[in-house]
Amino acid sequence: MSLRPPTDPTHPTETPDLPGSALPDSLTVALPKGRLSEQTLAWFRHSGIPLPAADGSTGDDRRLILASEDGALRYVMAKPSDVPIYVEYGAADVGICGLDILREGGRHVYEPLLLPFGHCRLSLAGPADLLDVPLRYDSQPRVATKFPRLTEEFFRTRGINAEIITLHGSVELGPLVGLADLIVDLVDSGNTLRENGLVELRVILRSQAVLIANRASYRLKSLAVCRLIESLRNAIEQSEQTSS
Ligand code: PRP
């Protein structure tokens, strides 16, 4: 279960006055669009980290680069799987992504802080009648996935010659239409598997959100990067103490 940042119902967007929360160097932060975005911004707000300034319009904001309210941060809005790429190449100093995507991409970045949300697991799944069937080296399964690298590694380390079919979404369709015998996909509530008659067979990786940092930025902008990390770490620790 995800830890939620505490909210003050009377001042839901108020940022606390954390000592030293002003960030001296300008940092570029890669934010993932989609599932992790809302909780990332909630934790940033709770940590006193300046948020992207609103554009004043009432419609969907389609801008891809947003400055923070105080100008200290520049946010780039990226596809989640691209966040580690922006950070590895230094186009962003830090970023937020899931461990699943980070491990799949194999990018060379620092991972200084796990974040208390985005929990899910990368699992092997398939039709319910495979539940008690052992994985055999001679079974040569066809496996559909959005995570070909982790899937290939999972089967290779077990000596199983799997055929990996890379899809870009709705992976659960694979076994239903005869495209694949098995799937490797993210499981959160388990509803998508259940509603499509599939069961979880093995957990391959437990995932959650993680803050990643460019290796050079971690040294050259260490004060700003470390303050950002410390602000988040303090907020997470406070929240853990409150909820325990
Ligand atoms: C993810 C994942 C599963 C589903 C799991 O898909 O790939 O399909 O969520 O969530 P659940 O266990 O809570 O049902 P997403 O919604 O990101 O869409 P996609 O499959 O089109 O990528």
Side-chain angles (χ1 to χ4, degrees), residues 1-5 29-44 60-62 64 75-87 92 95-107 111 114-133 135 141-155 162-212:
M1 203 205 323
S2 297
L3 192 62
R4 295 200 162 275
V29 182
L31 285 187
K33 294 190 281 187
R35 277 181 182 238
L36 295 180
S37 130
E38 197 180 318
Q39 293 223 58
T40 299
L41 290 174
W43 277 102
F44 272 40
D60 272 354
D61 193 345
R62 303 289 296 169
L64 298 174
Y75 289 97
V76 297
M77 311 305 295
K79 186 174 170 172
S81 55
D82 292 340
V83 166
I85 301 173
Y86 286 98
V87 173
I96 308 293
C97 65
L99 276 176
D100 46 10
I101 275 167
L102 186 61
R103 298 286 175 263
E104 174 67 20
R107 295 287 165 181
E111 305 169 32
L114 286 171
L115 300 168
F117 58 91
H119 293 89
C120 60
R121 45 202 189 273
L122 182 71
S123 293
L124 178 70
D129 57 3
L130 292 182
L131 193 53
D132 296 318
V133 178
L135 291 173
R142 280 200 297 184
V143 187
T145 187
K146 288 183 283 192
F147 295 84
R149 179 179 156 128
L150 293 173
T151 301
E152 192 275 332
E153 183 183 302
F154 173 80
F155 284 102
E163 181 183 348
I164 315 291
I165 301 172
T166 303
L167 295 177
H168 300 283
S170 301
V171 172
E172 293 85 354
L173 257 182
L176 306 185
V177 296
L179 175 70
D181 304 303
L182 299 166
I183 64 168
V184 168
D185 199 15
L186 296 177
V187 181
D188 177 12
S189 65
N191 287 340
T192 311
L193 288 183
R194 264 191 300 281
E195 289 178 17
N196 290 289
L198 302 172
V199 293
E200 206 170 349
L201 302 170
R202 305 274 193 291
V203 174
I204 296 175
L205 173 77
R206 293 196 183 275
S207 183
Q208 66 188 87
V210 59
L211 183 139
I212 57 175

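Both ligands and their constituent atoms are indexed starting at 1 by order of listing.
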message = I'd like to know if the side chain of R107 and the backbone of I85 have a donor-acceptor N/O pair within less than 3.5 Å.
response = no
ask   = Is the closest side-chain heavy-atom distance between L124 and F155 below 4.5 Å?
value = yes
ask   = Checking Q208 side chain against L99 main chain: does a donor-acceptor pair fall under 3.5 Å?
value = no
request  = State whether the number of non-hydrogen atoms from other residues, nucleotides or ligands found under 6.0 Å of Y75 atom OH is greater than 12.
outcome  = yes
query = Does F147 reach the side chain of I204, with side-chain heavy atoms less than 4.5 Å apart?
reply = no
Neighbour list for ligand 1 [protein residues, heavy atom under 4.0 Å] = R35, K146, G169, S170, E172, D185, L186, V187, D188, S189, G190, N191, T192
key: Residue pair S123, E200: steps toward the side chain to side chain donor-acceptor pair (under 3.5 Å) verdict   = CA-CA 6 Å; S123 293; E200 206 170 349; 2.6 Å; yes
